[in-house]
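To keep things clear, I will list the structure first and then write my remarks on it.
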Amino acid sequence: MEHTKQLTATVNSFSYRRGIPYDNSGHGGGYVFDCRGILNPGKFERYMMLNGKDPEVVEFFEKNTKIYDYLEHTFQLVKTNLDNYIERSFSNLMINFGCTGGQHRSVFCAEWMANRIRNNYDIVVKINHLDMKE
């Protein structure tokens with residue numbers, strides 16, 4: 001009987017202040033994307049207590065940044081490994097998005113990537129917001 005492993009993509013948001021997440025899968029890491037080049041809504045008082053899942057923050061990104069261009073580029077890189085890892089029956093791929101505080105930019109990007117993967121692949125997708133205050 002042939003045994004096939006299903007790929008698990010773990011998508012994390014994190015704060016660079018606390019460091020890049022450790023890969024517990026034993027494979028030594030994965031992608032780390034730096035979101036600090038995107039305008040930070042956390043610099044504006046009205047967004048400080050919000051996070052990257054809040055509609056006001058999403059609207060901020062859509063009106064004031066090119067975040068979707070950035071994310072399309074990151075997805076094209078990730079897609080290369082997803083296709084290859086599935087073909088080779090690999091079990092884990094870690095994808096990290098970091099920003100200064102781990103609240104706005106990285107959370108939005110991690111959510112977007114997790115949804116994009118779910119919509120395009122039949123694999124397990126886990127998402128963790130390591131520094132987001134609920």
Side-chain angles (χ1 to χ4, degrees):
M1 182 170 154
E2 184 178 331
H3 175 60
T4 58
K5 297 179 189 176
Q6 180 161 12
L7 179 63
T8 297
T10 303
V11 184
N12 299 310
S13 69
F14 72 96
S15 166
Y16 273 102
R17 291 178 180 153
R18 296 180 191 244
I20 297 169
Y22 179 76
D23 179 9
N24 292 318
S25 73
H27 295 289
Y31 287 101
V32 179
F33 295 108
D34 188 344
C35 302
R36 293 175 291 182
I38 298 164
L39 182 61
N40 184 4
K43 296 280 186 188
F44 303 94
E45 190 171 338
R46 68 184 286 199
Y47 302 107
M48 283 181 184
M49 301 310 292
L50 302 176
N51 65 59
K53 293 181 178 184
D54 290 310
E56 301 92 333
V57 174
V58 172
E59 182 179 2
F60 174 91
F61 287 132
E62 290 175 346
K63 287 185 176 180
N64 300 293
T65 72
K66 294 184 178 186
I67 200 163
Y68 292 118
D69 291 343
Y70 172 81
L71 287 167
E72 285 298 333
H73 289 296
T74 63
F75 180 71
Q76 290 308 310
L77 291 169
V78 169
K79 183 180 181 308
T80 301
N81 275 30
L82 288 170
D83 294 342
N84 184 276
Y85 281 23
I86 290 167
E87 183 180 311
R88 296 169 62 195
S89 297
F90 282 17
S91 58
N92 294 284
L93 177 62
M94 190 166 82
I95 305 151
N96 302 290
F97 288 93
C99 64
T100 306
Q103 291 289 120
H104 300 94
R105 297 167 290 183
S106 63
V107 169
F108 179 86
C109 291
E111 288 287 329
W112 185 93
M113 181 63 72
N115 287 329
R116 185 70 180 266
I117 294 169
R118 284 185 189 111
N119 290 334
N120 287 278
Y121 292 91
D122 184 23
I123 64 171
V124 175
V125 179
K126 296 179 181 178
I127 188 162
N128 304 300
H129 298 297
L130 303 175
D131 295 298
M132 185 176 83
K133 299 173 191 124
E134 300 280 343

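All values below were derived from every heavy atom in this structure, side-chain atoms included, with hydrogens, water molecules and symmetry-related copies excluded.
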key: Basic-acidic side-chain contact under 4.0 Å: Glu72, Lys79   = no

Leu71 with Phe14, same ILVMFWY side-chain cluster at under 4.5 Å = no

ask   = Do Val32 and Val78 belong to the same hydrophobic cluster, where Ile, Leu, Val, Met, Phe, Trp and Tyr are linked whenever their side-chain heavy atoms lie under 4.5 Å apart, directly or via other members?
value = no

message = Walk me through whether Asn24 and Met94 qualify under side chain to side chain contact (heavy atoms under 4.5 Å, CB included).
response = CA-CA 10 Å; Asn24 292 318; Met94 190 166 82; over 6 Å; no

key: Derivation of the side chain to side chain contact (heavy atoms under 4.5 Å, CB included) call for Val58 and Glu111   = CA-CA 11 Å; Val58 172; Glu111 288 287 329; over 6 Å; no

Exam field: side chain [X] to backbone [Y], donor-acceptor pair closer than 3.5 Å:
X: Ser91; Y: Leu7; result: no
X: Arg105; Y: Arg36; result: yes
X: Asn120; Y: Arg116; result: yes
X: Asp54; Y: Asn51; result: yes

Does [X] reach the side chain of [Y], with side-chain heavy atoms less than 4.5 Å apart?
X: Tyr31; Y: Asn81; result: yes
X: Phe33; Y: Leu77; result: yes
X: Ile95; Y: Ile117; result: yes

Over 12 foreign heavy atoms within 6.0 Å of CD, Glu56 = yes

Exceeds 12 heavy-atom contacts within 6.0 angstrom, atom CG of Asp122 = no

ask   = Are Asn40 and Tyr47 linked by a side-chain donor-acceptor pair shorter than 3.5 Å?
value = no

task = Could you go through the side chain to side chain contact (heavy atoms under 4.5 Å, CB included) check for Tyr16 and Asp34 one step at a time?
result = CA-CA 9 Å; Tyr16 273 102; Asp34 188 344; 3.6 Å; yes

query = Only one of Tyr70, Phe97, Phe61 clears ring-ring contact (aromatic ring centres under 6.0 Å, His included) with Phe108; which?
reply = Phe61

Closest approach of [X] to [Y] (non-hydrogen atoms, all atoms of both residues):
X: Val11; Y: Ala110; result: CG1-O, 3.5 Å
X: Pro41; Y: His104; result: CG-CB, 3.7 Å
X: Gly102; Y: Cys99; result: N-SG, 3.3 Å

ask   = When rounded to the nearest 0.5 angstrom, what is the spacing between OG in Ser25 and CG in Leu93?
value = 9.0 Å

Stepwise side chain to side chain contact (heavy atoms under 4.5 Å, CB included) check, Leu130 with Arg18 = CA-CA 10 Å; Leu130 303 175; Arg18 296 180 191 244; over 6 Å; no

